[in-house]
Amino acid sequence: MSTSLQPLPGVSWFDISDPNSLDLDKLADRFGFHELQVEDCRHRPQRAKMEEYENYIFCVFKHLRNDADFTFEDFDIFLTKRELVSVHEPNSDILEKARLRAEQSKVTDIDKIFYILLDTIVDEYSPVLDRIADETSEIESVVLQSPEPKVLARIFRLKRNLIEFRRAASGMREVVNSLVRREGGLLSDKFDPYLRDVYDHVVRTTEFIETYRDLLSGALDIYLSAVANRTNEVMKVLTVLGTIAIPAIAISGIYGMNLKGLPFQDSPYGAEWVGGMTILSTILLLYLLRKLKWL
Amino acid sequence: MSTSLQPLPGVSWFDISDPNSLDLDKLADRFGFHELQVEDCRHRPQRAKMEEYENYIFCVFKHLRNDADFTFEDFDIFLTKRELVSVHEPNSDILEKARLRAEQSKVTDIDKIFYILLDTIVDEYSPVLDRIADETSEIESVVLQSPEPKVLARIFRLKRNLIEFRRAASGMREVVNSLVRREGGLLSDKFDPYLRDVYDHVVRTTEFIETYRDLLSGALDIYLSAVANRTNEVMKVLTVLGTIAIPAIAISGIYGMNLKGLPFQDSPYGAEWVGGMTILSTILLLYLLRKLKWL
Amino acid sequence: MSTSLQPLPGVSWFDISDPNSLDLDKLADRFGFHELQVEDCRHRPQRAKMEEYENYIFCVFKHLRNDADFTFEDFDIFLTKRELVSVHEPNSDILEKARLRAEQSKVTDIDKIFYILLDTIVDEYSPVLDRIADETSEIESVVLQSPEPKVLARIFRLKRNLIEFRRAASGMREVVNSLVRREGGLLSDKFDPYLRDVYDHVVRTTEFIETYRDLLSGALDIYLSAVANRTNEVMKVLTVLGTIAIPAIAISGIYGMNLKGLPFQDSPYGAEWVGGMTILSTILLLYLLRKLKWL
Amino acid sequence: MSTSLQPLPGVSWFDISDPNSLDLDKLADRFGFHELQVEDCRHRPQRAKMEEYENYIFCVFKHLRNDADFTFEDFDIFLTKRELVSVHEPNSDILEKARLRAEQSKVTDIDKIFYILLDTIVDEYSPVLDRIADETSEIESVVLQSPEPKVLARIFRLKRNLIEFRRAASGMREVVNSLVRREGGLLSDKFDPYLRDVYDHVVRTTEFIETYRDLLSGALDIYLSAVANRTNEVMKVLTVLGTIAIPAIAISGIYGMNLKGLPFQDSPYGAEWVGGMTILSTILLLYLLRKLKWL
Amino acid sequence: MSTSLQPLPGVSWFDISDPNSLDLDKLADRFGFHELQVEDCRHRPQRAKMEEYENYIFCVFKHLRNDADFTFEDFDIFLTKRELVSVHEPNSDILEKARLRAEQSKVTDIDKIFYILLDTIVDEYSPVLDRIADETSEIESVVLQSPEPKVLARIFRLKRNLIEFRRAASGMREVVNSLVRREGGLLSDKFDPYLRDVYDHVVRTTEFIETYRDLLSGALDIYLSAVANRTNEVMKVLTVLGTIAIPAIAISGIYGMNLKGLPFQDSPYGAEWVGGMTILSTILLLYLLRKLKWL
């Protein structure tokens, strides 16, 4: 086996950055991995999972892709008693980050590297959560000020992202939980506090996701009630306008009739009288509507 | 027993493509199947289920019918220590697909054939999920652009299909889960990784169904808020039109009155004066409404 | 004990078709039933339940009344090692149906009769489920075509029935489940497949109830969005009408003014000119609104 | 200890009708109750709970206050091997009812009195449930006939009461359940059927509460859709009125113009011609709208 | 170790009011706390949690900040067999309150101090719950009287606070529950009643939070239906106004036409006749609409 696969020289950690490479088959053959798991590495995406065998543990972790696109990718790890094999997409930067951490803290234990990889993957969730928090706050303030359809589109896009995120995070929670609860076996018990720490992190993540979902539902409710309100306001304007216009229209209509016997018809101050009457009845009507709490 | 029932010559796999055929009774008699299970094969549809007896396992699996109609059908399997009996509808193509797979990989083990049948059935879910994914995306984009009642009908039809699908898939999940958790017995433990793989597949399917349900609910919310928005828009148009018309109507009404003493009544430029007045008061009114944030 | 209580001569199955009859007290005394259970037989309705004592099992089953009213009634059964006592309302036809089935299959075992009674009760759910399915489909198609308030009333009545049904069916599911899980005791294990069959039936029933509830909620959503849509449509009609009328009213108002200097006022083709102007401005306005996507 | 505290002479049942009385401290001291439970008796309200110690059981039960106000109060019971201490609010009539029942059935066992107290408390739920059932039915019928805001207020008040009730009842269910599941200990096993009976009663209560909540949500949906419908109806009236008026207004406007060349202007039957024209175009317009399914 | 860290002289309770202080590292070193827990003290906020090791228990409790801002802070406690270390934010007044309580009751046991700290933290929830209760009641009464958008903003702010509160409180519930269920170990069993008391308190808190959430949802429903109602009312006003105006406008339009042959045109009481006609037809129209239940 060429050492080119080994991120840290001298440590039996093998990294395969192309799931379709033949190296994976070779390693699987050498360490006795099941053909189905090799297939799982190649047929992506898989659900987050942990499978324990006599000789090795196989894990599928979900990590966020670098770009801001909210897509999750698989990061597969085989852990035997003495070796670790990691399989991932070519463009993942998890590997590099974990390698650096391991190098800096001079880690050579295979199970410590396993922990570092898992921790690095889960740590990547935090900046995304922060971005979601910001987006949610912004939506909440925008929706109260100007409930436009484009806010709606933002709400639904974020909601879709949260659905995606929740699926990945709750899968990870299950996996880390079964890693914590595992009795004895390949990972020594001294890692339990560390795994529990990662578990806390994942649980906190899922809790925040639920919180943001609740807040977004709230924002949608605000949106809908704001639109209902606005319709109501516009209706009122229409009614006030109508109320102002109606006396003018009715009275001017009456005096426009080719009839005899209308009061003030022949008075020289006819216009003033009728104008006054119109203004008066408009005011009276508005007052009445307000009094009856209709406006 | 005629070998015509045997899809693979020399393998004790018996296939009955008509649940009402007498062959089923004969086989049930020969291998000691319970009368209730034979009844279950005939009274369709049943729920997906797995029943373990001393001598055999009886399973009802749910598979999608070939046509694009989202109807599920039962696929019944009896598995004894040495024989497998499959019972299905005449028009099912699961049998043929599984037979080909078994033939190509030269499988003669009865329990491997059991796995292949189950896997083929679950594999058939994927293209349907993809079709649902496409339909959901399309609905989502259509609903934002033109919220017409016919999109609504599509949303509800898809929702109904998802309800159906979820019922079948969550039944299958339970069944495959109890197959995985089964200790010892008729299926040897070496199939556990394969069954777990199928289990992962079914769980992923149910998760996707939930995701699509969430997205469809979102689409319905978009639809409703889009309609509310449009009503709001139309109301505004009505109000603007009213606002434009009212001064014209009121003023022209006033000057239509058979009264004396109206200003400009006898001026030769009366029309210009009054026209100017009308236009001015319309602009003023629109400005006022905008200023008061009523429009 | 008079044999008049025995539906099948020679079989120690006692049937009491009036819970208040003294025969119940006599039998309770003779077989040592607890006073509380006798009370349960008399104070109806009870929840579906199964209580196991050293000497006997007491069950309350819920069956649908014959008439199409969606009301559930109690059917009480005491099962001892050698006797079965059934207690029910006078007008129940479950008893007769079960008696016929037992007679035809020449059943004399007390526990087989227990199974037949339970199965008959659960079988009665199916025609009602079918009726609900038909009603749901009909509502769904009606609601899309003509969303009238009377459909609403149908939706809510059916919803209420489903709430009732679900309460009874989920109680029965629990009861049958505990009958299946019971280890040893009064019912011999050879009935397990039969009880499991009944259990499947009840579970399927509850699943269908959930499905119909989901579909009804969907129908309600369709109703509400259809009404919102229609309001929107009516608003548009109003706006179009307003748009058509406004130029006519404004222009005719202008020419109705007692002013001098209006164009075409004295032209012999005044009517034609002004009419043309009116029609033109109406068309222009409609075109403008459409262009601005306001209509 | 003065016998004035003993509701039944000669039975070691002590009743304290004022939690702040010093008698409680004396009894707690004498029988060795924990200071925290004495505090629980005084700091009301507590959650329904059951705490089992070596020497005694402490229970907090929730009972409805006499007045029709839907408020729950605590009823505290300490049960030792040989004594029962009940603590309650001064105005509770549970005590008196239970005392009468115990007296009439000549009960002197301390644990039978415990059961009677619990049963009396739970029995008090039934009339309230009936009242809620009546109120729900009435609301349901009112809401369909006249969806006024005051029905809305009734719905929400009842909903609030149900929230309160559910909290108390589900607490009681837990408590009675743990009383039933308790193995051995202070309450002899012969009470199990009685406790199970109470348990059934409480479970039925919570089920009914859920049913009424469902029905009330339905009533709210009816209300909202009835309002939406009514808005729709009013809009239609407005549109029909507009449609009827528009031809009259437009045509009369046209003939009100000071122009020459209008048809029928000088005809002696001008009024009849133009009137006919107006009526005809109104009918035509209404017919058109109906034809286009706009009304 | 300087005694300046000891809130109570002579008791081995160490308090660190600045998580970043080096004293924490020193104490962690001396008592053998895990580095991850020290990190947890510094990286705030953490979830409420309880971690039990061989030599010590580590707890993260959530307490409300003093100001009325609804933000939660961590309060960390390490409890060994003989020492207690508390770590908190500089501005927390929990420490001072707990110190006073311990001083007054002359407590020197380390585990009693643990209980006092926990109890003080949970006690602080009560005034906040009361404030929420008041706010909820106020919102409920305001929303029925005047459903303005600013009530909506209050509803959503309170809802957001409740989401926050629920997250903290349900975390605390889990933690206190695991403290109660802990068998033996560092906290002696005599604290069980006290811990159970705290547990009851936290559960009651979470139940109240759920209740307030339900009530707030109800308030939102009231708001939305009130707005829908008001829109409906405004529509009716508009329709009534239209109905009143239409006969006047139509009739006056008719008599404004320059036509011959209109009835009463030349009568000296023309105005009276036509006026009467107008009033009569208005009344008739209103009566008709009412009769047809359109208004």
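Chain letters run A, B, ... following the sequence lines, proteins first, then strands; residues in each count from 1.
Contact record, P193(E) with Y53(D): CB-OH, 3.7 Å, taken as the closest heavy-atom pair. The shortest heavy-atom contact between S225(E) and L224(D) is CB-CD2, 3.3 Å.
Of the charged side-chain nitrogens involved, none lies within less than 4.0 Å of a carboxylate oxygen, so that D40(D) and R196(E) do not count as a salt-bridged pair. One finds no salt bridge joining E210(E) and R167(D) here, because no Lys/Arg side-chain nitrogen approaches an Asp/Glu carboxylate oxygen to under 4.0 Å.
For chain D, no part of I251(E) is nearby; none of its heavy atoms comes within less than 4.5 Å. With a 4.5 angstrom heavy-atom cutoff, I155(D) does not touch chain E via any of its atoms. Contacts between Q37(D) and chain E at a heavy-atom distance below 4.5 Å are absent for every atom of the residue. For V227(D), the parts lying near chain E are the backbone and the side chain together; criterion is any non-hydrogen pair under 4.5 Å. Using a 4.5 Å cut-off between heavy atoms, N229(E) touches chain D through backbone and side chain atoms alike.
A distance of 4.5 Å separates CG in L215(E) from CD1 in I163(D), rounded to the nearest 0.5 Å. With rounding to the nearest 0.5 angstrom, the CG atom of D197(E) is 10.0 Å from the NE2 atom of H43(D). The NZ atom of K49(D) sits 7.5 Å away from the CZ atom of R204(E) when rounded to the nearest 0.5 Å.
Chain E forms the most heavy-atom pairs under 4.5 Å with one residue out of E35(D), E148(D), E272(D), E164(D), and that residue is E35(D).
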Verdict with supporting geometry, D192(E) and E51(D), side chain to side chain contact (heavy atoms under 4.5 Å, CB included) = CA-CA 11 Å; D192(E) 275 6; E51(D) 290 177 355; over 6 Å; no

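Residues D221(E) and K159(D) have side chains in contact (heavy-atom distance under 4.5 Å, counting atoms from C-beta outward).
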